[in-house]
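One structure below.
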Amino acid sequence: MFERMAQLRQQLQLAGHHYYVLDEPLIPDAEYDRLFRELQALEAAHPEFMTLDSPTQRVGASPLAAFTQVRHRVPMLSIHTETDISEQGAVQFDTRVRKQLQLSDTDPPVNYVAELKFDGLAISLLYRDHMLVQACTRGDGETGEDVTHNVRTIGQIPLRLPQSAPADLEVRGEVYMRRDDFERLNERQRKRIAEGLKNEKTFVNPRNAAAGAVRQLDPKIAAQRPLSFFAYALHFHPEQAQSFSPVEATLYGLQTYVSHHQVLKALKDWGLPVSEDSRQVSGAKGLIAFHQDIAAMRDSLPFDIDGVVYKVNDISLQARMGMVSREPRWAVAHKYPAQEELTTVQAIEVQVGRTGKLTPVAKLAPVFVGGVTVTNATLHNEDEARRKDVRVGDTVVVRRAGDVIPEVVSVVAEKRLKDAQLFTMPSHCPVCGSLALREEGEADYRCTGGLFCSAQRKQAILHFAHRRAVEVDDLGEKLVDQLVDAGLVKTLPDLYKLGFSHLAALDRMAEKSANNLLASLERSKNTTLPRFLFGLGIRHVGEATAKDLARHFGGIEAIMDASIDQLLTVNDVGPVVAHSLRTFFDQPHNREVVEQLMACGMNWEEAAPGARLDLPLSGHTYVITGTLPTLSRDQAQAMLEAAGAKVAGSVSKKTTGVIAGEAAGNKLDKAVSLGIPVLDEAGLLALVKAP
Ligand code: IVH
C-alpha cells in the first residue's frame with residue numbers, strides 16, 4: 001500500500017512536470033485523473049501514509065483568517081532600475097560594473113546573464129528535506145506574508161525536489177499570469193457578473209490578477225486563477241551552508257555554482273520552470289543586443305514583461321561587488337516603455353463596424369504607451385463603458401500590451417471633474433442616422449441602416465456579390481474598396497449603373513477586367529428570389545432562411561410587407577429572424593434599394609405563395625456530408641430542394657436522411673448513432689427521381 005502510494009505520487013509528479021512545466025503532456029488527462037483518484041482513495045483509507053508533497057495536497061487547505069508574517073532569512077533585495085531606458089542604459093550599467101571591479105579598457109568584457117523582467121510578483125519558496133514547506137511574498141524585503149496554501153495550487157511549482165538537489169534551499173522567482181489565461185479569466189468573470197453574481201470583478205491586468213490570486217485567503221479561489229512561475233534565484237542560508245559536510249559542500253555548496261548561469265541550469269534540472277529566454281552575453285554589446293532582441297519579441301511573448309534584468313554572471317564577482325541601500329550592485333533592471341499610462345479622455349465617439357456594430361471609443365490626449373502613441377482606446381460596448389464609467393474629461397489608465405488594441409483599464413476617481421457627463425449610447429447611427437438597436441441578450445448596439453450606412457456598404461456589396469448570393473464574379477475586395485472610395489458605388493443599385501468609362505478610370509483596371517466585370521454584373525441580373533434575399537445581407541437571414549421565405553411567400557413584395565405574425569408562420573423562422581426582417585424592411589431606404597435593383601433589371605421567377613406541400617420530399621430534411629463521386633454539394637442540394645426537401649447543416653433527430661460521400665465525418669457517425677438512414681449518391685439520385 002505504502003509503495004503503491006509512493007509510486008502514484010511519483011507518476012503524478014512526473015506527469016505534472018511534463019504538463020505544467022514542459023508543456024508536453026506525458027499521459028492523457030483521463031489517465032492522470034484516474035491515477036489521481038486512486039491516490040486520493042488510498043490517502044483517505046490510510047491517512048498515516050499521506051505526505052506533504054502529494055499532488056492531492058495542492059488544493060484543499062481551508063481558508064485563512066489572515067496571513068502570517070514571515071521574516072526572510074536572507075532579505076529579499078530589490079533591484080536598481082536603470083534610469084536611461086534607451087540602449088545607453090546597458091552601457092551605463094556595464095561602465096559602472098567595470099569601474100567597481102577596477103577593470104581597465106584593455107581588460108576583457110564582463111560576462112553577464114541577461115534575463116526577462118517578468119511582470120508578476122516575487123515569491124520565495126522554502127524547501128526542507130526536498131519538500132516545499134513554505135512560500136512567502138516579498139513584503140517589505142525583510143518580512144513577507146506566508147502564502148504557502150495558494151502557491152501550492154500552482155501546478156508548475158514542484159512540491160518536492162529530486163534527490164539530486166540539496167535537501168534544504170530557498171528558490172526565488174516570479175509568480176505571474178499568462179496573457180491567454182488572463183483573457184480567459186476575465187471572460188469568465190464577465191460571465192459571472194452578467195449572471196448577477198455579486199462580489200465578482202474583472203481584473204485590470206495580468207499582474208494584478210496574479211497578485212490578487214496569491215493573496216487570496218481561500219486557496220479554493222486561488223486554485224481557479226491560472227498562475228505560472230519562473231525561478232531566477234537560489235539561496236542557501238548562511239547557517240545551512242556552514243553546516244554542509246565536506247562532501248555536501250562540494251556537491252551542493254556555493255562553490256558548485258561559480259556562475260549564475262549554472263544556478264539557472266541547476267534550477268531547471270530540478271524541475272523548476274526557468275525561462276528559456278535567458279542568455280549569457282559578453283560586455284555592453286551583448287547586453288544591448290539582448291535588449292533589442294527582446295524588445296522585438298516583447299509583444300509576442302505569452303506573458304507581460306516590463307523590461308530585462310542584467311546580472312553579473314560570476315558569483316565570486318557578485319560577492320565582491322556587494323550591495324548599496326538594499327540593491328545589489330551586480331544586477332540592474334533595464335525597462336521598456338510602459339504598457340500602461342495615464343492620460344485624459346477628450347471625447348467619446350461611437351464607431352460603426354462592418355456589421356453595423358457600434359463601438360464606443362475614447363478619444364485620448366496622445367500618450368506613448370506600449371511603444372506607440374495612442375489616441376484611441378476601445379470601450380468595447382455599452383456595458384463595458386458603464387462598468388468602467390468612463391466620462392469625458394476623466395483621467396484614465398490606458399493599456400496597450402501585445403498586439404491587443406489599446407483599452408481603457410480604469411478611471412482615476414479622484415481626478416474626475418465635477419460636471420463630467422455619464423456616457424450613453426446614441427439612439428441613432430452616428431454615420432447614417434438610422435435607428436441603433438440593442439437586441440435582447442446581446443452586448444452590442446447595431447445600426448439598422450444596413451445597406452444605406454456607408455460604414456457597412458463595402459461589406460454589404462461583397463456579400464451581395466458572393467457566389468452563393470447573386471454571384472458577381474470578378475468583384476473582389478480590392479475592387480469594392482476602390483469603387484466605394486471613389487464614390488462610384490453608394491448603394492447596391494449603383495453597381496448596375498457602372499459604365500465602361502467609370503471602370504477604366506480606376507487604378508490598375510485593364511480594359512479586359514472592366515469588360516469582365518460588366519459582363520458578370522449583367523449575368524447576375526438573372527437570379528433567384530432566395531439568392532437575392534440572401535444577398536441583401538439582412539441579419540440572421542442566411543441561405544436556408546431565404547429559401548424558406550421565398551417558398552412560403554413566393555414573391556419579394558409579400559416578404560417586405562409581412563407582419564411579424566405572418567413571418568412567424570414560416571418554417572424555422574423565430575422571433576429573432578422575424579424582428580430582423582421587419583426592422584430591415586421598415587427602413588424606407590432598404591425598400592428603395594430593392595425597388596431600384598429590380599428597376600435595374602434584376603429578375604427572378606416568382607411563385608404562387610405557400611409552401612409547396614405537393615412535392616415528393618416536402619416536409620423532409622436531409623443533411624449532405626463528405627464528397628460525392630460526381631455531384632457537387634450545391635448540385636445535390638439543388639436536387640433535394642427541387643423535390644421539396646430542406647437541406648440542413650447538422651444532423652438531429654428530425655433529420656430524414658443523410659447523404660454521405662467520401663471522407664464523411666462526424667455527421668455520418670451521428671446519423672448512424674441516431675439510426676437515421678444513410679444514402680450514397682446513387683441513393684440520392686433514386687430518391688429524387690422517385691415519383
Ligand atoms: S532578480 C537581487 N530577476 O523585479 C536581485 N528579479 O527586483 C533580485 N523580477 O520584485 C531579483 N524578473 O520580482 C530578478 N529575472 C528577474 C526578475 C526579477 C522580475 C522582479 C522581482 C522584483 C523586482 C525587482
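For the numbers below, each heavy atom of this structure counts, side chains included, while hydrogens, waters and symmetry mates do not. Numbering of ligands and ligand atoms starts at 1, following listing order.
Looking at atom 8 (C) of ligand 1, its nearest protein heavy atom turns out to be Leu77 O, 4.4 Å. Protein heavy atom in closest approach to atom 20 (C) of ligand 1: Glu174 OE1, 3.5 Å.
Look at Arg387 and Glu384 and you find a salt bridge, because one of the NZ, NE, NH1 or NH2 atoms lies within 4.0 Å of a carboxylate O, short of that distance. In this structure, Arg416 pairs ionically with Asp389, as a charged nitrogen and a carboxylate oxygen lie closer than 4.0 Å. Comment: Glu170 does not engage Arg73 in a salt bridge, judged by the lack of any side-chain N to carboxylate O separation of less than 4.0 angstrom.
Annotation: Tyr112 is in aromatic contact with Phe93 [ring centroid separation under 6.0 Å]. A centroid separation of less than 6.0 Å is found between the aromatic rings of Tyr336 and His291. Aromatic pair Tyr176/Phe230: centroids less than 6.0 angstrom apart.
Below 4.0 Å from some heavy atom of Pro328 lie the following atoms of ligand 1, by number and element: 2 (C). Heavy-atom contacts of Glu115 reach the following atoms of ligand 1: 3 (N), 15 (N), 16 (C) (cutoff under 4.0 Å).
A donor-acceptor pair is defined here as one N or O able to donate and one able to accept, closer than 3.5 Å; no such pair exists between the side chain of Arg400 and the backbone of Glu340.
Residue-to-ligand polar distances place Tyr232 within reach of ligand 1: an N/O pair is separated by less than 3.5 Å. Considering backbone and side-chain atoms alike, Phe118 places an N or O below 3.5 Å from some N or O of ligand 1. Residue Ser78 has no N or O atom closer than 3.5 Å to an N or O atom of ligand 1. Ligand 1 has no nitrogen or oxygen under 3.5 angstrom from a nitrogen or oxygen of Trp330.
Counting heavy atoms closer than 4.0 Å to ligand 1, residue Val309 contributes side-chain atoms (C-beta onward) but none from N, CA, C or O. If you look at Met76 next to ligand 1, there are no close heavy atoms at all, none under 4.0 Å. Using a 4.0 Å cut-off between heavy atoms, Asp119 makes no contact with ligand 1 at all.
Taking all heavy atoms of Gly120, Pro75, Ala331, Ala122 into account, the minimum distance to atom 10 (O) of ligand 1 is reached by Ala122. The option from Met323, Lys117, Arg138, Glu327 that lies nearest to atom 4 (O) of ligand 1, judged by heavy atoms, is Lys117.
Between atom CD of residue Glu82 and atom CD of residue Gln88 there is a gap of 10.0 Å, rounded to the nearest 0.5 Å.
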